[in-house]
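Since the structure comes first, as structure tokens, the remarks are kept for the end.
Lettering of chains follows the sequences in order, A, B, ..., and the numbering in each one begins at 1. None of the values given here were measured: they were computed from a predicted structure.
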Amino acid sequence: MTEPRIVEVRRKILKENDVLAHSLRDRFQRSGLYVVSFVSSPGTGKTALLERLLTEMRAEYRVAALVGDLATENDAIRLARSGAPVKQISTGTICHLDAGMVDRALSEFKLDELDFLFIENVGNLVCPSSFDLGENLRVVLVSTTEGEDKPLKYPTIFNTADLAIITKSDLAQAVDFQREFLIANVHAVRPNLPVLEVSARSGVGMKELRQFIVHSRPLSARAG
Amino acid sequence: MHELSIALSIIDGVVEEARREGLSRIEKVHLRIGRLSGVDKEALRFSYDIAAEDTPLAGTQLVIEDVDVVIECPTCRAERSVQQLPLLACPECGAAPERVVCGDELEISGLELAA
């Protein structure tokens with residue numbers, strides 16, 4: 001027997017997804033498109049925030065959105081109220097988006113004619129973390145109403161994010177929200193992660209969020 | 001439960017690697033799973049057994065090696081293994097890491113053949 005008993009292979013389990021995500025990222029860059037994904041638990045307010053963000057950013061930029069959901073087109077209908085082009089991705093029983101779903105949904109859009117694309121993931125703080133969608137900026141959202149220890153319970157998603165947003169800041173006082181405690185927990189699992197706080201209802205913090213997103217976009221894309 | 005998606009990707013990956021290497025009679029699939037990867041090992045084993053049914057890998061076993069999280073501490077100027085997950089801090093001095101060196105792996109590392 002010359003055959004070794006254990007054959008060494010080194011292969012990323014999600015190689016196929018990673019390869020596709022990289023090619024998406026290349027396409028986005030060539031089109032001068034900046035892609036931002038939103039991930040959170042169900043009920044954190046991804047759709048409400050995105051609806052407001054799309055409405056506000058449309059004044060200056062060409063924006064569009066993809067929205068993932070297990071079932072129903074309710075979120076896509078809400079987002080479409082912003083006037084921006086919106087495409088629903090129905091995942092059926094799958095608890096997260098992957099690069100293939102994003103790739104297929106993109107056929108609806110002319111990427112060269114967009115400045116920003118927002119991707120709303122399925123409401124879930126666990127499963128989306130492993131799947132690169134080709135996005136440039138991954139945003140994790142946590143609301144003032146859902147417990148300051150969320151980062152300790154779901155560290156992986158905070159670890160893969162580029163920005164954390166505290167949503168529903170208008171409800172902070174009513175629920176006795178401990179702002180410093182949440183931020184400390186974010187930084188315990190992911191040191192130096194930028195944190196912003198917004199209210200999609202009152203509009204507080206929206207300007208800072210828009211500026212963060214716009215300034216994250218590389219200059220080369222802005223010129224193109 | 002994204003472990004089912006991961007299990008399906010493992011099977012596709014192993015089938016492709018086995019074909020390329022001309023391997024048959026695979027008994028065990030060796031994986032390296034980082035402690036920061038967010039994958040639950042028990043859920044993965046459970047999903048793998050189901051996903052492997054009716055494939056050439058039916059009845060094969062997963063051998064999972066946990067990969068510790070190693071960070072680069074800017075204060076100690078050294079790489080340190082983090083033991084207090086989910087807290088990402090230097091175990092010696094408590095400083096926030098400059099960079100995570102490893103610990104988010106999701107890898108197929110080897111294919112063990114039947115004797």
Side-chain angles (χ1 to χ4, degrees), chain A residues 1-21 39 68 70 91-101 121-122 124-132 140 149-161 184-193, chain B residues 1-14 16-18 20-40 43-44 63 69 71 74 84-90 95-100 103-115:
Chain A
M1 287 277 289
T2 51
E3 205 171 28
R5 196 170 144 70
I6 299 183
V7 179
E8 194 184 327
V9 291
R10 290 207 71 146
R11 181 191 171 104
K12 286 190 170 180
I13 293 174
L14 296 174
K15 180 181 167 188
E16 227 171 281
N17 189 80
D18 289 349
V19 168
L20 188 50
V39 57
L70 298 171
T91 61
T93 57
I94 312 261
C95 49
H96 56 268
L97 294 178
D98 63 30
M101 298 180 201
N121 215 315
V122 179
N124 186 323
L125 270 185
V126 181
C127 307
S129 54
S130 305
F131 297 88
D132 186 353
V140 59
D149 57 353
K150 273 277 162 76
L152 303 179
K153 292 178 177 171
Y154 303 95
T156 304
I157 197 75
F158 284 86
N159 250 289
T160 61
N185 285 336
V186 169
H187 289 151
V189 303
R190 176 66 194 277
N192 306 318
L193 185 68
Chain B
M1 248 284 285
H2 64 311
E3 282 78 4
L4 184 57
S5 301
I6 303 223
L8 291 165
S9 298
I10 292 171
I11 289 165
D12 289 346
V14 170
E16 195 183 305
E17 294 292 333
R20 178 159 50 215
E21 304 275 343
L23 305 175
S24 58
R25 299 177 296 113
I26 292 168
E27 200 168 64
K28 293 176 182 169
V29 174
H30 291 246
L31 305 178
R32 296 178 78 239
I33 306 276
R35 294 186 196 277
L36 264 188
S37 68
V39 168
D40 184 278
L44 181 59
V63 179
V69 178
I71 55 139
Q84 306 259 291
L85 287 176
L87 307 184
L88 268 193
C90 174
E98 202 140 83
R99 165 176 96 84
V100 177
D104 63 352
E105 290 79 356
L106 273 180
E107 271 177 18
I108 301 168
S109 54
L111 304 179
E112 188 169 335
L113 309 179

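Residue Ser37(B) touches chain A through its backbone alone, counting heavy-atom pairs closer than 4.5 Å. In this structure, chain A has no heavy atom under 4.5 Å from any part of Leu85(B). Neither the backbone nor the side chain of Tyr154(A) comes within less than 4.5 Å of any heavy atom of chain B.
Of the listed residues (Ala89(B), Ser5(B), Gly13(B)), the greatest number of heavy-atom pairs within a distance under 4.5 Å of chain A belongs to Gly13(B). Per-residue counts of heavy-atom pairs under 4.5 Å with chain A were compared for Pro86(B), Ala18(B), Gly38(B); the largest is that of Pro86(B). Your options are Glu16(B), His2(B), Arg20(B), Arg32(B), and the one with the most heavy-atom pairs under 4.5 Å with chain A is His2(B).
With values rounded to the nearest 0.5 angstrom, Arg35(B) atom CZ is found 13.0 Å from Thr156(A) atom OG1. With rounding to the nearest 0.5 angstrom, the NE2 atom of His187(A) is 14.0 Å from the CG atom of Leu87(B).
Residues Ile13(A) and Ser9(B) come closest through the heavy atom pair O-CB, 3.4 Å. Closest approach of Ser130(A) and Ile6(B) over heavy atoms only: OG-CD1, 4.4 Å. For the pair Ala96(B) and Pro191(A), the tightest heavy-atom approach, listed with the atom from each and the gap, is CB-CB, 3.4 Å.
With Ile6(A) as the fixed residue, the side chain to side chain contact (heavy atoms under 4.5 Å, CB included) test singles out one of Lys28(B), Glu112(B), Glu27(B): Glu112(B). Just one of Glu105(B), Glu107(B), Glu17(B) meets the salt bridge (Lys or Arg N to Asp or Glu O under 4.0 Å) condition when paired with Arg10(A); it is Glu107(B). The side chain to side chain contact (heavy atoms under 4.5 Å, CB included) test with Asn159(A) singles out one residue from Val69(B), Leu88(B), Asp104(B), and that residue is Leu88(B).
The shortest side-chain heavy-atom distance between Ile108(B) and Val9(A) falls under the 4.5 Å cut-off. Looking at heavy atoms from C-beta onward, Val126(A) lies out of side-chain contact with Asp40(B) at the 4.5 angstrom threshold. Between His30(B) and Glu8(A), every side-chain heavy-atom pair lies at or beyond the 4.5 Å cut-off.
A donor-acceptor contact shorter than 3.5 Å links the side chain of Arg5(A) to the backbone of Leu113(B).
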